[in-house]
*Asks:* 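After the structure tokens below, expect a handful of questions from me.
Computed from a prediction, not measured in an experiment: that's the story for all the values here. In the text below, chain A, chain B and the rest are named by the order of the sequence lines, each starting its count at 1.
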Protein chains: 2
Amino acid sequence: MTFEEKLRSLFTLGNQKYLEHLSIDCIIFGFHDNELKVLLVKPRYADEWALPGGFVIKNEPIEDAAARVLKERTGLEDIYLQQFHTFGNPDRSTKKLNTLFLKNTGIKLNASWMFDRFVSIGYYALVEYTKATPQPDIFSDKCEWFRVSTIPKLILDHNQILKKALSHLQLQLNYYPIGYNLLPEKFTMPEIQKLYETILNRKLDRRNFQRKINGTGILKRLNETKQGVAHKAPYLYIFDLAKYRKALQSGLGFDL
Amino acid sequence: MTFEEKLRSLFTLGNQKYLEHLSIDCIIFGFHDNELKVLLVKPRYADEWALPGGFVIKNEPIEDAAARVLKERTGLEDIYLQQFHTFGNPDRSTKKLNTLFLKNTGIKLNASWMFDRFVSIGYYALVEYTKATPQPDIFSDKCEWFRVSTIPKLILDHNQILKKALSHLQLQLNYYPIGYNLLPEKFTMPEIQKLYETILNRKLDRRNFQRKINGTGILKRLNETKQGVAHKAPYLYIFDLAKYRKALQSGLGFDL
DNA sequence: CCAAAAGTGTTTAAAATACACCCATGC
DNA sequence: GCATGGGTGTATTTTAAACACTTTTGG
């Protein structure tokens, strides 16, 4: 199938495969250069960027749909995805965008399920920046990381969605462990602290942070230090996966 | 329109008015006799009870759809509704129930949008038990309050949905004020404490509770005491609505 | 040898918890 | 008059927050 055939098929027959009116938006967070990043796509012919999204296959659990979107945009699997809110204003429609898109692609269509209003279920994921290989979707020509601190105006209500994901994540930090999938396998205490600081957008006390994070038992210190760094070499840590997973389920009650 | 015509129309033409595959479930909590109650409906010809639900009109915000469900089942308006989760397993279908229903109503249909899988957005509300007038929907013959502590087996995943609503509410309790819409206009300190105890399902210390709830500033003590009660008459309180609403937005950070 | 970052404990303040006596009312 | 529930304050424990000096390494 050519690119154009694929597109035409999606616009005309997509509703045979997917649930109409329903979409998934994934907020894919990464952490790099001591900054929190989020993965965005650039729809062709559009001025604004967008959150990666997708549709729900008719017999597919919505969690699987979210995981599918994540995999398609990053290549990553088995990542913890957190549903945080469903967005359903009646003006959530990409009709304009799609019309522009079709016009530029030379496809003529009067109607499509894709012109309708969409209720979108929001999920966020925390992934290891270096392991993700950003891949644009069929509507987009780019897929890139953006610093959360400098997000441009996005399509529709995507800025709001991102904001809500972030504040949900900030709350979540107090109850559930994060970092696995987001940090390299071995990492240092200052690194994980900067991750927390970045997400919370404030400084934390080194000693207090260390005490608390150690108190959760999700970290194991190795008898290695990070090599090739200036100044004193920090210890390397890894996650204790068993305890990490347990804490994901039952929470770990501490405040930062 | 007769009842049967209404029904037939809904099953055959409902998808012209409503978004397909999408429903709303409302967990309507009330508080009475020092117990937390939840409003359930009994679908005709079914063995099990269900959460009150509804559909989303094509040009309607999903929040409005939830408010509509709440109003239709209780008569109540302007109640705070909290979206808490969206449920989307592919086996969420009431096809069996609907088939049984149609069979018993003498309506013959081969297909209907109502036989499909539904993704359901969950909202919960806290309402004043005495002000609600339970009203069955078109599919149901009963609509009644149940004690949260003794909920029977419900249809589909409704038990899980209720459980999730409750645990969401319990967490919410630490961040946002509750009680308005749930308690009578004037209420006593022991009453609101029992409300908290009921939701959290554990005893709280009288004095500590009083200190904390007063610390939030959302209560105003009246120069009246509750009349016609045995023993020492407790003071009456009302909510300071301005502060209450402010706290609803910005949170009030205390733990119980 | 010095600047820059990491390792480590203690002190202080705040918050949560535990706890006991007096008061008013209906029976 | 007594049993029952409501009103009120303090002492204790726990938890969070503030804080400083020593160690290591690269330049």
Side-chain angles (χ1 to χ4, degrees), chain A residues 33-35 170-171 173-175 179 183-184 186-198 200-217 219-238 247 251-256, chain B residues 33-35 170-171 173-175 179 183-184 186-238 247 251-256:
Chain A
D33 284 341
N34 288 338
E35 285 200 275
Q170 287 172 345
L171 271 180
L173 267 199
N174 291 326
Y175 297 106
L183 292 167
K186 297 179 182 183
F187 51 90
T188 66
M189 191 57 74
E191 279 167 357
I192 190 173
Q193 180 177 341
K194 291 220 180 73
L195 169 61
Y196 274 81
E197 288 180 337
T198 305
L200 292 170
N201 201 27
R202 64 187 170 92
K203 281 255 158 236
L204 299 172
D205 181 275
R206 266 191 309 144
R207 286 160 287 191
N208 295 335
F209 176 80
Q210 198 157 153
R211 189 182 318 129
K212 271 181 219 159
I213 200 93
N214 280 329
T216 65
L219 296 189
K220 280 196 283 203
R221 188 166 97 173
L222 303 176
N223 273 329
E224 297 176 57
T225 53
K226 183 148 185 165
Q227 298 303 313
V229 294
H231 321 303
K232 181 167 183 177
Y235 286 101
L236 289 171
Y237 289 79
I238 56 171
L252 40 63
F254 70 96
D255 272 17
L256 287 167
Chain B
D33 284 342
N34 288 336
E35 286 200 274
Q170 288 172 344
L171 271 180
L173 223 39
N174 291 327
Y175 297 105
L183 293 167
K186 297 178 181 181
F187 53 90
T188 66
M189 191 56 75
E191 280 167 356
I192 190 174
Q193 181 178 340
K194 290 220 178 73
L195 168 62
Y196 274 81
E197 289 179 336
T198 305
I199 293 175
L200 292 171
N201 200 27
R202 63 187 172 94
K203 281 258 158 233
L204 299 172
D205 181 274
R206 269 192 305 145
R207 286 159 288 191
N208 296 334
F209 176 81
Q210 199 157 151
R211 189 183 317 133
K212 270 180 221 161
I213 199 97
N214 280 330
T216 66
I218 60 171
L219 296 189
K220 280 195 283 205
R221 187 166 96 174
L222 303 175
N223 273 330
E224 295 177 59
T225 53
K226 182 148 188 167
Q227 299 302 311
V229 293
H231 322 302
K232 181 167 183 177
Y235 285 102
L236 289 171
Y237 290 78
I238 57 172
L252 41 62
F254 69 95
D255 272 18
L256 288 166

*Asks:* Using whole Å, report how far CG of L200(A) lies from P of dA17(D).
*Replies:* 12 Å

*Asks:* Quick test of your reading: applying salt bridge (charged side-chain N to carboxylate O under 4.0 Å, His left out), list the pairs with at least one residue in residues 216-236 of chain B, sequence neighbours left out, ordered by first then second residue.
*Replies:* K186(B)-E224(B), E191(B)-K226(B)

*Asks:* Between dA17(D) atom P and Q210(A) atom CD, what is the distance in whole Å?
*Replies:* 16 Å

*Asks:* Taking C-beta and beyond as the side chain, do M189(A) and Y237(A) meet within less than 4.5 Å on heavy atoms?
*Replies:* yes

*Asks:* Test side-chain contact (heavy atoms from CB on, under 4.5 Å) on L173(A) and Q170(A) and set out the steps.
*Replies:* CA-CA 5 Å; L173(A) 267 199; Q170(A) 287 172 345; 5.6 Å; no

*Asks:* What are the atom names and distances for every N/O pair under 3.5 Å that joins the protein to nucleotides 9-11 of chain C?
*Replies:*
| from | atom 1 | to | atom 2 | distance (Å) |
| --- | --- | --- | --- | --- |
| dG9(C) | O6 | R211(A) | NH2 | 3.4 |
| dT10(C) | O4 | R211(A) | NH2 | 3.0 |

*Asks:* Restricting to side chain to side chain contact (heavy atoms under 4.5 Å, CB included), what partner residues turn up for N201(A), sequence neighbours left out?
*Replies:* none

*Asks:* Mind checking side chain to side chain contact (heavy atoms under 4.5 Å, CB included) for E197(B) and listing every partner two or more places apart, or none if nothing turns up?
*Replies:* Q193(B), K194(B), K203(B), L204(B)

*Asks:* What is the distance from CD of Q227(A) to P of dA6(C), rounded to the nearest Å?
*Replies:* 15 Å

*Asks:* Between P on dA5(C) and CD on Q193(A), what's the gap in Å once rounded to a whole number?
*Replies:* 13 Å

*Asks:* Taking all atoms of both residues into account, what is the closest heavy-atom pair of N34(A) and T198(A), and its distance?
*Replies:* O-OG1, 3.7 Å

*Asks:* Please identify each residue that fulfils side-chain hydrogen bond (donor to acceptor under 3.5 Å, both in side chains) with T225(B), with sequence neighbours left out.
*Replies:* Q227(B)

*Asks:* Any ring-ring contact (aromatic ring centres under 6.0 Å, His included) involving residues 197-216 of chain B? Give me the pairs, sequence neighbours left out, ordered by first then second residue.
*Replies:* Y196(B)-F209(B)

*Asks:* Measure across L195(A) and G179(A) and return the closest heavy-atom pair with its distance rounded to 0.1 Å.
*Replies:* CD2-CA, 3.9 Å

*Asks:* In residues 215-224 of chain B, what residues come within less than 4.0 Å of DNA chain D, judged by heavy atoms?
*Replies:* R221(B)

*Asks:* In this structure, how many angstroms lie between the P atom of dG6(D) and the OH atom of Y237(B), rounded?
*Replies:* 12 Å

*Asks:* Without decimals, in angstroms, what is the distance between R206(B) CZ and dG9(D) C1'?
*Replies:* 13 Å

*Asks:* K203(B) NZ to dT17(C) P: how many Å, rounded?
*Replies:* 16 Å

*Asks:* Considering only heavy atoms from C-beta outward, does the side chain of L219(B) approach that of F187(B) to under 4.5 Å?
*Replies:* yes

*Asks:* Set out, line by line, the N/O atom pairs under 3.5 Å between protein and nucleotides 23-27 of chain D.
*Replies:*
| from | atom 1 | to | atom 2 | distance (Å) |
| --- | --- | --- | --- | --- |
| dT24(D) | O2 | K232(A) | N | 3.3 |
| dT25(D) | O4' | H231(A) | O | 3.4 |

*Asks:* Counting only side-chain nitrogens and oxygens, does K226(A) get under 4.0 Å of the OP1 or OP2 atom of dA6(C)?
*Replies:* no

*Asks:* CD of E191(B) versus C1' of dG6(D): gap in Å, rounded?
*Replies:* 12 Å

*Asks:* Are the side chain of D33(A) and the backbone of E35(A) linked by a donor-acceptor contact shorter than 3.5 Å?
*Replies:* no

*Asks:* Among the candidates dG7(D), dT8(C), dA17(D), find the nucleotide nearest to the side-chain atoms of P234(B).
*Replies:* dG7(D)

